[in-house]
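Note sheet for the following structure.
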Amino acid sequence: MPANKPKLLIVDDDEEIRTQMRWSLGTDYEIFQAGNREGAIQQFKENTPPVVLLDLGLPPRPNLVDEGMNTLAEIVQIAPKTKVIIISGQGERENALEAIGRGAYDFMSKPVDTDELQLVLKRCYYVADLERDYVSMQRKLNEDAFEGMLGTSEPIQKVFNLVRKVATSDAPVMILGESGTGKEMVANAIHNRSSKADGPFVAINCSAIPESLLESELFGHEKGSFTGADSTRVGKIEQADGGTLFLDEIGEVPLNVQVKLLRFLQESYIERVGGREQIPVKARIVAATNADLKKGMEDGTFREDFYFRLSVVELNLPPLRERGEDIDFIATSFLKRFAAEAGNGGLSFSSAALKAIRAYPWSGNVRELQNRVRRAAIMAEGNKVAPEDLQLPSDRKLPSGTTLKEAREALEKEMIEAALKKHKNKVTAAAAELGISRPTFYELLDRLGIKR
């Protein structure tokens, strides 16, 4: 018997029917047989076939359906993904509904049309293969993932190694990288592998809070300290006591707040806004930015002493475009997840889509890739994702001699100008469509010489 044939278990109390099915299906499948419940369960446990043809009328009461239903329930309990096709002379609608409710994949009445059965079996094995591939992919992703982050390229492996080293100390860490490269995930990884892993991980996006409220958000305030302060409030720093405080977009912090944060870093205590009590706080500080802090120091918008206090360890995240084959791997993992959520587990990238993914510059990095793949999983028709589902251009023709850098900049410029035109020069909407932050969008406008 060839080992590459898919396994099929036939359960029927009529030996003549089993023989007919064996001769009909034996060319394509490795057949196992049983005539009762006990034999069916034994064969199933020994051979683990992905598909079972099951008659409901089994001994000792072949005129009833209870023995077949119990066999179905036991098989599904052993292996929930098994595709059980009920083939029964007990063809009443209520029997079919009950069988489906108990986990059967399909229901066919005797006498069975052989051609129809072949089609149903092909569909069953196809779905079973997809589910097996998905489980295999998930297992591989779990094995290759580092604190939820994927990648085998040299640049990202260097980051993972640095995280392992810095996590063992309590030194402040500065994470640098473009928008969407995963700075918060890295900060979380540092926290999870540190001695403070049992403590809280408190994150705050400093650019998302108005300057007038940022100090109160970080340090808290006492009741009555300003108009609207109706009660005492604990700030983010105090909430992070015993854990890690993640200061995202640290380059957006105003100078007066930088002074108070520097004092906290030096002395490990804070004073709430409007308060005089010195409150001790032991929290590990991890900061992140996509801004040029050294330029900020030259311009006087970022304090030099604050920079060096934060940057005891500096960790640079590579942009997605510099991570080689990681792009394919990450895109595929996103597609598997989002396609499963959308109920289309058989979805995959077309060759043109993969080509477009590799050619695209990914200014918004992993976050942009995630957003585009999520959209594609919803919008794709059929089982293949096309470049247009990802809203990516395909088959771009560039002049001969064009460098990779020039090609990327040309594509970035084209897409940014199109987004601005579409949203009537509204930066927030254009940046959201491209999956990048407003600061990154402004940086690209300056770098590419685009006028609004």
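Along the sequence shown, residues are numbered consecutively beginning with 1.
- Defined by atom type and a distance below 3.5 Å, a donor-acceptor pair is missing between the side-chain atoms of R374 and N371.
- The shortest distance between side-chain heavy atoms of L335 and F349 falls below 4.5 Å.
- With a 6.0 Å radius and a threshold of 12 heavy atoms from other residues, nucleotides or ligands, Q77 has its CD atom at or below the threshold.
- Under a cut-off of 6.0 angstrom, the local environment of CD in E325 is sparse, with at most 12 non-hydrogen atoms contributed by other residues, nucleotides or ligands.
- Taking the six-membered ring for Trp and thresholds of 30 and 60 degrees, F302 and Y307 have ring planes more than 60 degrees apart, a perpendicular arrangement.
- The minimum heavy-atom distance linking A353 with V385 is given by the pair CB-O, 3.1 Å.
- Looking at T440 and N290, their side chains do bring a donor and an acceptor atom within 3.5 Å of each other.
- At a cut-off of 3.5 Å, with distance as the only test, a side-chain donor of N192 or E147 sits close to an acceptor on the other residue.
- Residues P49 and F44 are in side-chain contact: their nearest non-hydrogen atoms beyond the backbone lie under 4.5 Å apart.
- Applying the 6.0 Å contact sphere to CD of E267 captures more than 12 heavy atoms from other residues, nucleotides or ligands.
- Geometrically, K260 engages F219 in a cation-pi contact defined by less than 6.0 Å to the ring centre and at most 45° from the axis.
- Classification of the F338-F334 ring pair by plane angle, with boundaries at 30° and 60°, yields parallel.
- Under a 4.0 Å N-O distance rule, the pair K294/E298 does not qualify as a salt bridge.
- A donor-acceptor contact closer than 3.5 angstrom is absent between the side chains of R321 and Y360.
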N205/E184 under side-chain contact (heavy atoms from CB on, under 4.5 Å): CA gap, chis, key distance, verdict: CA-CA 10 Å; N205 187 329; E184 184 165 350; over 6 Å; no
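- Distance alone, capped at 3.5 Å, places no donor-acceptor pair between the K81 side chain and the A79 backbone.
- Side chain to side chain, K384 and S348 meet the donor-acceptor criterion of an N or O pair below 3.5 Å.
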Between S153 and D326, does the side chain to side chain donor-acceptor pair (under 3.5 Å) criterion hold? Intermediate values first, please. CA-CA 6 Å; S153 64; D326 281 356; 2.6 Å; yes
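- Counting only heavy atoms from C-beta outward, the side chains of R102 and V84 never approach each other to under 4.5 Å.
- In summary, E217 and R233 engage in a salt bridge, as defined by a charged side-chain N under 4.0 Å from a carboxylate O.
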Please determine whether side-chain contact (heavy atoms from CB on, under 4.5 Å) holds for the pair L9 and V51, giving the CA-CA distance in whole Å, both sets of side-chain angles, and the decisive distance to 0.1 Å. CA-CA 7 Å; L9 172 59; V51 180; over 6 Å; no
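- Of all heavy-atom pairs between I327 and L369, the closest is O-CD2, 4.2 Å.
- The CZ atom of F306 sits 4.5 Å away from the CG atom of L261 when rounded to the nearest 0.5 Å.
- Between R272 and the choices E215, E277, E238, the salt bridge (Lys or Arg N to Asp or Glu O under 4.0 Å) rule is met once, by E238.
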Show your working on side chain to side chain donor-acceptor pair (under 3.5 Å) between R367 and S179 and close with a plain yes or no. CA-CA 8 Å; R367 185 185 298 123; S179 177; 3.1 Å; yes
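- Ring geometry, F246 versus F201: the interplanar angle falls under 30°, so the pair is classed parallel (tilted spans 30 to 60°).
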Intermediate values then yes/no, side-chain contact (heavy atoms from CB on, under 4.5 Å), T114 and L117: CA-CA 5 Å; T114 304; L117 177 59; 5.6 Å; no
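- Counting all heavy atoms, side chain and backbone alike, H191 lies closest to P200 at CE1-O, 3.5 Å.
- With a 6.0 Å radius and a threshold of 12 heavy atoms from other residues, nucleotides or ligands, E154 has its CD atom at or below the threshold.
- With values rounded to the nearest 0.5 angstrom, N188 atom CG is found 12.5 Å from R193 atom CZ.
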